[in-house]
Amino acid sequence: MTAAVIDGKAFAEGLRARVGGLAAAFEAKAGRKAGLAVVLVGEDPASQVYVRSKGKSTVEAGMNSFEHKLPADTTEDDLLAVVAQLNADPAVDGILVQLPLPAHIDEQKVIATIAPDKDVDGFHVINAGRLAVGQPGFVPCTPLGCLMLLKDRLGDLSGLDAVVIGRSNIVGKPMAQLLIAESCTVTVAHSRTKNLAEVVRRADIVVAAVGRPEMVKGDWIKPGAVVIDVGINRVAGATEGKTRLVGDVDYASAAAVASAIAPVPGGVGPMTIAVLLRNTLVAAYRNAGLELAADAV
Ligand code: NDP
């Protein structure tokens with residue numbers, strides 16, 4: 001069997017187009033554009049790239065992008081004051097503080113200061129709690145993007161066995177919650193899991209979010225399973241001095257067994273920003289008291 005390739009890039013483009021259409025409708029109804037504020041502290045090159053790319057995508061979707069670039073030596077109090085000002089600003093529907101923050105700033109304290117209804121990253125404990133108890137809130141972008149790809153591929157997920165490898169607050173745990181809500185039977189594996197290969201072999205759905213290059217091998221995969229690879233790992237390339245991106249799954253061997261697989265790059269990666277735009281749009285409709293159908297995006 002050769003697995004079908006789950007084309008996250010194409011799905012993300014479609015999602016961005018739907019968000020763009022609804023953002024234009026929002027502007028017509030609300031008399032203003034939806035707005036996303038992104039706060040970057042310091043000059044981490046990867047974070048700068050992410051922030052630029054988020055800003056560009058936000059504007060392309062017909063929403064306002066407010067970028068706040070603060071020096072690396074910004075104090076925690078000053079950052080909290082910026083967040084408080086964005087919380088109070090009616091032009092701002094979503095707030096994203098780019099992580100990681102410099103070591104002298106307490107990330108949890110900053111996240112806790114973001115108004116939960118503007119927390120489009122879904123990292124605030126209120127939103128984690130809402131997800132856990134099944135109330136509407138904001139779900140972290142990467143796992144929500146994975147769920148969209150899975151539902152697009154499989155339709156109804158109920159009764160399927162899902163294994164999530166990784167238990168971070170950003171990916172693994174919210175992914176598990178989303179799959180429970182879809183009535184999957186969910187196992188969450190992590191660094192202490194015994195017989196990981198055997199655990200993974202039970203799964204109809206495998207989501208790998210570990211951060212270890214090509215750790216999940218083809219002979220761990222049940223024939224016909226659907227594999228979502230969240231990992232982004234940079235490894236040495238074939239040419240000296242060059243690097244390449246690989247996932248947490250050994251693509252070639254897994255693709256020989258799975259029915260479908262999301263590759264790296266081009267699978268989950270493009271979904272994250274598309275879902276961020278989607279969450280910002282949903283925030284704008286809610287903040288303005290406007291109706292948006294649950295299945296609109
Ligand atoms: P974390 O480092 O926060 O979590 C990694 C998880 O993997 C932990 O729960 C850890 O277990 C588990 N783990 C580590 N080693 C093993 C092992 N040998 N066997 C089984 N489990 C193991 O990472 P994130 O969740 O933030 O990210 C995971 C990956 O996804 C990374 O490659 C990251 O770059 C990528 N990523 C991609 C995004 C995208 O947009 N596509 C967005 C976010 C992340 P334990 O808890 O026991 O330590």
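Whatever order the structure lists them in is the order used to number ligands and atoms, beginning at 1.
Ligand 1 places these atoms under 4.0 Å from at least one heavy atom of V268: 41 (N). Every atom of ligand 1 with a heavy atom of G166 under 4.0 Å away is listed here by number and element: 6 (C), 7 (O), 9 (O).
Sparse packing is recorded around OH of Y50, with 12 or fewer heavy atoms of other residues, nucleotides or ligands lying under 6.0 Å away. Within 6.0 Å of CZ on R234 lie more than 12 heavy atoms contributed by other residues, nucleotides or ligands.
Residue, atom and distance of the protein heavy atom nearest to atom 8 (C) of ligand 1 are R167 N, 4.0 Å. In terms of protein heavy-atom proximity, atom 20 (C) of ligand 1 is nearest to H190 O, 3.2 Å. With respect to atom 17 (C) of ligand 1, the closest heavy atom belonging to the protein is M215 SD, 3.9 Å. With hydrogens left out, the protein atom closest to atom 27 (O) of ligand 1 is V171 CG2, 4.4 Å, a heavy atom. Scanning all protein heavy atoms for the shortest distance to atom 42 (C) of ligand 1 gives T142 OG1, 3.2 Å. Scanning the protein for heavy atoms near atom 36 (N) of ligand 1, the closest one is V230 O, 3.7 Å. Scanning all protein heavy atoms for the shortest distance to atom 29 (C) of ligand 1 gives G211 N, 3.7 Å. Scanning the protein for heavy atoms near atom 5 (C) of ligand 1, the closest one is V210 O, 3.3 Å.
Only the side chain of L196 comes within contact range of ligand 1, with a heavy atom under 4.0 Å; no backbone atom does.
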Working for salt bridge (charged side-chain N to carboxylate O under 4.0 Å, His left out), residues E76 and K109: CA-CA 9 Å; E76 188 177 279; K109 202 165 168 187; 3.0 Å; yes
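Using modelled atom types, no side-chain atom of H124 and backbone atom of P116 make a donor-acceptor pair closer than 3.5 Å. A side-chain donor-acceptor contact under 3.5 Å links D248 to the backbone of V210. Under a 3.5 Å cut-off, the side chain of T239 and the backbone N or O of K242 do not form any donor-acceptor pair. Within the 3.5 Å criterion, the main-chain N or O of F138 finds a donor-acceptor partner in the side chain of N127. Checking side-chain atoms of N279 against main-chain N and O of A283 turns up no donor-acceptor pair under 3.5 Å.
The closest approach between any non-hydrogen atom of A209 and ligand 1 is below 4.0 Å.
Scanning all heavy atoms of the two residues, the minimum distance from P270 to G267 falls at CD-O, 3.3 Å.
Polar contact check, D248 against ligand 1: no nitrogen or oxygen pair lies under 3.5 Å apart. At least one N or O atom of I232 sits closer than 3.5 Å to an N or O atom of ligand 1. Note: an N/O pair closer than 3.5 Å links S191 and ligand 1 by distance alone.
The side-chain contact (heavy atoms from CB on, under 4.5 Å) search around A81 returns none, not counting sequence neighbours.
Nearest to atom 1 (P) of ligand 1 by heavy atom, out of G267, A208, G247, S168, is S168.
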